[in-house]
Amino acid sequence: MTENHLVVMAGGVGSRFWPMSTPARPKQFLDIMGVGRTMLQLTVDRFRGVIRPENVWVVTGAQFAELVREQLPEVPADHVVLEPCGRGTAPCICYVSWRIKTENPRANVVVSPADHDIKDLEEFRRIVGEALSFSAETDSIVTLGIKPSRPATGYGYIRADLSFSALRHKGIFRVDAFKEKPDLATAGTYIRQKNYYWNSGIFVWNVSTIVNAFRVYARDISEKFEALQHVYGTPSEQEAIDAMFPTCESISVDYAIMEKAEEVFVCPADFGWSDLGTWGSLYDQLPHDEYGNAIVGNGVRAVETHRCIIHSATEKKIVVQGLEDCIVVENDGNILICRLSEEQRIKSFM
């Protein structure tokens, strides 16, 4: 029987959310939104009704294993798949695909990063369900393309062929091309053409389809993980992975598979998506008060302050007066104050 599985990629270091994020606790393990749930937990939550808890898998760094198990106790312990080091999304996905295949050779799989925000959960679940139905019926790879709301330069783009939709799935179209992050002028051109979508990094496929794609388009990576079939699910698995994983090429699944494969489709979507990579992107997603401020923290008070994000994970009293277009973040005695427009420069001072 075909079953739906979810793979959450939760191995990033998340350093751009300093001072909240640290090497020991990156952003995916934090309550960035101020809603009482971490980014990882919110990611799994949004698949309720689509994926059963026992079919959830989390790929993360070995140092974060206990954090995952603490935050997602409903996920089977052996579904927390540990990378000994970072090698990009291609080795990560190849590994977990083989693990799932040994358990269920006909599984349908959704792969999702752990640091996205989705506003319209009902529409999100509808779109994911449509993509899963399509991948169960065909040997195709599906990516979710986000209808762009602005000429963003921080996202890759997907060019879709909208002239014909997939048979029996009128909302799914063939991918013409993947485009790298553009400059502003190019992004504006994409927006005007109406058939370009942001690349969400959320993928849907049958496990046999993606394993075969690795065999064809990323043979070196494929052979490494296929050779370990006999240890998957045994006490010897982690030791074998720890020895082999560092020998993999460091490459994204976009470069290794998506840009090479022939049967790749896009499901255009508009469900309030954001890749939460910066404080500025978080500001855009949080509710704003009448002065345009996004505030997280019970002890925060803004006076004569406009268009700022003010974030505190503690109960400390914070009063901000007279600021405009700024980031103010307090966590564990560390404080960040900078202009929203200058956020990208902060790493050079840390």
(request) Give the C-alpha distance, both sets of side-chain angles, the deciding distance and a yes or no for side-chain contact (heavy atoms from CB on, under 4.5 Å) between Glu74 and Val44. (result) CA-CA 10 Å; Glu74 70 276 17; Val44 174; 4.2 Å; yes

(request) I would like to know whether Trp98 and Val211 meet side-chain contact (heavy atoms from CB on, under 4.5 Å); could you show each step before the answer? (result) CA-CA 7 Å; Trp98 272 108; Val211 164; 3.3 Å; yes

(request) Go through the steps to decide whether Asp325 and Arg307 satisfy the test salt bridge (charged side-chain N to carboxylate O under 4.0 Å, His left out), and finish with yes or no. (result) CA-CA 5 Å; Asp325 305 300; Arg307 301 177 303 279; 2.8 Å; yes

(message) Between Asp254 and Phe203, does the side-chain contact (heavy atoms from CB on, under 4.5 Å) criterion hold? Intermediate values first, please.
(response) CA-CA 10 Å; Asp254 297 83; Phe203 307 113; 4.0 Å; yes

(message) One pair to check against side-chain contact (heavy atoms from CB on, under 4.5 Å): Met20 and Trp279. What are the steps and the verdict?
(response) CA-CA 11 Å; Met20 277 202 70; Trp279 287 112; 3.9 Å; yes

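Scanning both residues, Phe265 and Val175, for their nearest heavy atoms gives C-CG2, 3.6 Å. The two atoms that bring Ala131 and Val142 nearest to each other are CB-CG1, 4.0 Å, heavy atoms only. Shown here for Ala256 and Ala90, the closest heavy-atom pair between the two residues is CB-CB, 3.8 Å. The two residues Pro91 and Glu249 have their closest heavy-atom pair at CG-O, 3.4 Å. The two residues Lys101 and Ser208 come nearest to each other via the heavy atoms CE-OG, 3.8 Å. Taking each heavy atom of Phe64 and Pro23 in turn, the nearest pair found is CE2-O, 3.4 Å.
Here Ile257 contributes atom CD1 and Phe214 contributes atom CZ; the two are 4.5 Å apart, rounded to the nearest 0.5 Å. Here Asp45 contributes atom CG and Leu40 contributes atom CG; the two are 9.5 Å apart, rounded to the nearest 0.5 Å. To the nearest 0.5 angstrom, Gln285 atom CD is 10.0 Å from Asp275 atom CG. The CD atom of Glu262 lies 8.5 Å from the CZ atom of Arg174; values are rounded to the nearest 0.5 Å. Rounded to the nearest 0.5 Å, atoms NE2 (His5) and CD1 (Ile51) are 8.0 Å apart. Interatomic distance, Met244 CE to Leu228 CG, rounded to the nearest 0.5 Å: 4.5 Å.
At least one donor-acceptor pair closer than 3.5 Å links the side chain of Arg87 to the backbone N or O of Pro246. Under the 3.5 Å distance criterion, the side-chain polar atoms of Thr189 are left unmatched by any main-chain donor or acceptor of Ala187. Formation of a donor-acceptor pair under 3.5 Å by the Thr43 side chain with backbone atoms of Met39 is found in this model. Formation of a donor-acceptor pair under 3.5 Å by the Ser135 side chain with backbone atoms of Val204 is not found in this model. The main-chain N or O of Phe173 is never found under 3.5 Å from a side-chain atom of Ser165 such that the two would form a donor-acceptor pair. Although no hydrogens or angles enter the test, the distance criterion places a donor-acceptor pair under 3.5 Å between the side chain of His79 and the main chain of Val56. Lys27 contributes a side-chain N or O that, together with a main-chain N or O of Leu276, makes up a donor-acceptor pair within less than 3.5 Å. Judged purely by atom type and a 3.5 angstrom limit, Gln41 uses its side chain to pair as donor or acceptor with the backbone of Gln71. Remark: side-chain polar atoms of Asn331 are paired, donor with acceptor, to backbone N or O of Pro19 under 3.5 angstrom.
Shown here are the ring pair (Phe, Tyr, Trp, His ring centres under 6.0 Å) partners of Phe124, two or more places apart in sequence or in another chain: Phe47, Phe271. Checked against side chain to side chain donor-acceptor pair (under 3.5 Å), Asn195 has no partners two or more places apart in sequence or in another chain. For Glu226, the salt bridge (charged side-chain N to carboxylate O under 4.0 Å, His left out) partners are Arg215, not counting sequence neighbours. For the salt bridge (charged side-chain N to carboxylate O under 4.0 Å, His left out) test, no residue two or more places apart in sequence or in another chain qualifies with Arg219. Take Glu237 and apply the salt bridge (charged side-chain N to carboxylate O under 4.0 Å, His left out) test, not counting sequence neighbours, and it matches Arg99.
Counting only residues at least two apart or in different chains, side chain to side chain donor-acceptor pair (under 3.5 Å) contacts with residues 152-161 comprise Tyr157-Trp198, Asp161-Ser163.
For the pair Met33/Leu286, a side-chain contact is recorded, criterion being any heavy-atom separation below 4.5 Å from C-beta on. Within the 4.5 Å cutoff, the side chain of Asn206 has heavy atoms near those of the Asn108 side chain. Looking at Ile241 and Pro84, their side chains come closer than 4.5 Å, going by heavy atoms from C-beta outward. Contact check for Arg339 versus Glu324: no side-chain heavy atoms found under the 4.5 Å cut-off. Counting heavy atoms from C-beta on, the side chains of Thr138 and Glu263 never come closer than 4.5 Å. At least one side-chain heavy atom of Val111 sits under 4.5 Å from a side-chain heavy atom of Met9. Considering only heavy atoms from C-beta on, Ser97 stays 4.5 Å or farther from Phe225 through its side chain. Between Ile141 and Thr209 there is a side-chain heavy-atom pair separated by less than 4.5 Å.
Glu239 CD: 12 or fewer foreign heavy atoms inside a 6.0 Å radius. Within a 6.0 Å sphere centred on OH of Tyr217, other residues, nucleotides and ligands contribute more than 12 heavy atoms. Counting non-hydrogen atoms of other residues, nucleotides and ligands closer than 6.0 Å to CZ of Arg69 gives a total above 12. At most 12 non-hydrogen atoms from other residues, nucleotides or ligands lie less than 6.0 angstrom from NZ of Lys317. Within 6.0 Å of atom CD in Glu122, 12 or fewer heavy atoms from other residues, nucleotides or ligands are found, so the atom counts as exposed in its surroundings. Within a 6.0 Å sphere centred on CG of Asn298, heavy atoms belonging to other residues, nucleotides or ligands number 12 at most.
Relative orientation of the His169 and Phe134 rings is perpendicular, given thresholds of 30° and 60° on the angle between their planes. Between His116 and Trp273, the ring-plane angle classifies as perpendicular under the 30° and 60° cut-offs.
Put simply, Val207 and Trp57 are part of the same group of oily side chains (I, L, V, M, F, W, Y) that touch within less than 4.5 Å, one to the next. The hydrophobic cluster containing Val109 does not contain Val128, counting ILVMFWY residues as joined when their side-chain heavy atoms lie under 4.5 angstrom apart, directly or transitively. Leu67 is not connected to Val59 by any chain of hydrophobic side-chain contacts under 4.5 Å among Ile, Leu, Val, Met, Phe, Trp and Tyr, and they are in different clusters. In the hydrophobic clustering of this structure, Ile318 does not group with Ile327; members are Ile, Leu, Val, Met, Phe, Trp, Tyr whose side-chain heavy atoms approach within less than 4.5 Å, directly or through other members. Taken together through direct or relayed side-chain contacts under 4.5 Å among Ile, Leu, Val, Met, Phe, Trp and Tyr, Val328 and Leu340 form parts of separate hydrophobic clusters.
Residue Val58 forms a side chain to side chain contact (heavy atoms under 4.5 Å, CB included) with just one option from Val7, Val68, Leu82, and that option is Val68.
Comment: Asp117 engages Lys119 in a salt bridge, judged by a side-chain N to carboxylate O separation of less than 4.0 angstrom.
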